[in-house]
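Read through the structure below, which is laid out as structure tokens, and then see the notes.
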Amino acid sequence: MLSQATENPCFGGWPSPARARFLRVFLEIQKPRLCKVIRVLAFAYPYMWDSLPIFYRLFLFPGESAQNEATSYHQKHMIMTLLASFLYSAHLPERLAPGRFDYIGHSHQLFHVCVILATHMQMEAILLDKTLRKEWLLATSKPFSFSHIAGAILLCIIFSLSNIIYFSAALYRIPKPELHKKET
């Protein structure tokens, strides 16, 4: 796998030993299956985290949420999200007609269109839920205090900075290519 990557024309300007040392740093070349699993989890985990309350509401309490006007928006959101994931994973338009969807209409573009529409449906559902259930929300939830808000902001800053520091430090661990010495 490493030899295939070092012959890649993208890295054509570097001498072969330096290319090989540089490419060993990339985990995707070393362990492609692990990287694919990590990439799928990077998309699936946030989707599941955001969708669990919607699943709970739509599937566990269908009678209670059926009277709510926001249910149709939640259902449209779920349909658009499933359509987006299907189109992206199946590579459907370009697989059916190769070469015709190279610039406009390929699966990645359709994925983004469907995700944007799904996000719009989700925001509409949240706003409608908030207005319909305002009295119940005010009666059952505690108001946020300054310490709650400051704690949430501080946690976001800490996680974001640690992420930036971790991946920036990885850039400094890349071995520098050796300069070729002239033979005498």
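Computed from a predicted structure; not experimentally measured.
- Gln109 places a side-chain N or O within donor-acceptor distance of the main-chain N or O of Gly105, the cut-off being under 3.5 Å.
- In this structure, OH in Tyr88 is found 12.5 Å from CG in Leu110, a value given to the nearest 0.5 Å.
- When the side chains of ILVMFWY residues are joined at heavy-atom separations under 4.5 Å, either directly or via intervening members, Leu155 and Phe144 end up in two distinct hydrophobic clusters.
- With a 4.5 Å cut-off on side-chain heavy atoms, Thr131 and Leu127 do not count as touching.
- Remark: the Thr71 side chain and the His74 side chain contain no N/O donor-acceptor pair separated by less than 3.5 Å.
- With rounding to the nearest 0.5 angstrom, the CG atom of Asp129 is 10.0 Å from the CH2 atom of Trp136.
- Remark: side-chain polar atoms of Glu94 are paired, donor with acceptor, to backbone N or O of Ser107 under 3.5 angstrom.
- By the rule that hydrophobic residues join a cluster once side-chain heavy atoms approach within less than 4.5 Å of another member, Met78 and Leu52 end up as members of one cluster.
- Considering OG of Ser72 and CD of Glu124, their distance stands at 10.5 Å, rounded to 0.5 Å.
- In this structure, Ile149 is a member of the same hydrophobic cluster as Ile157, with clusters built from ILVMFWY side-chain heavy atoms closer than 4.5 Å.
- Every residue two or more places apart in sequence or in another chain that forms a side chain to side chain donor-acceptor pair (under 3.5 Å) with His112 is listed here: His108.
- Using a 4.5 Å cut-off between side-chain heavy atoms of Ile, Leu, Val, Met, Phe, Trp and Tyr, Met121 falls into a hydrophobic cluster with Tyr73, Leu128, Leu132.
- In this structure, CD on Gln75 lies 6.5 Å from CD1 on Ile79, to the nearest 0.5 angstrom.
- Between atom CD1 of residue Ile116 and atom CZ of residue Phe111 there is a gap of 10.0 Å, rounded to the nearest 0.5 Å.
- Between the SG atom of Cys156 and the CG atom of Leu161 there is a distance of 11.0 Å, given to the nearest 0.5 Å.
- Ser162 places a side-chain N or O within 3.5 Å of a backbone atom of Phe159 that can act as its donor or acceptor partner.
- Side-chain contact between Cys114 and Leu87: present, with at least one pair of heavy atoms (C-beta onward) separated by less than 4.5 Å.
- In terms of heavy-atom proximity, Leu117 sits nearest to Met80 at CD1-CE, 3.6 Å.
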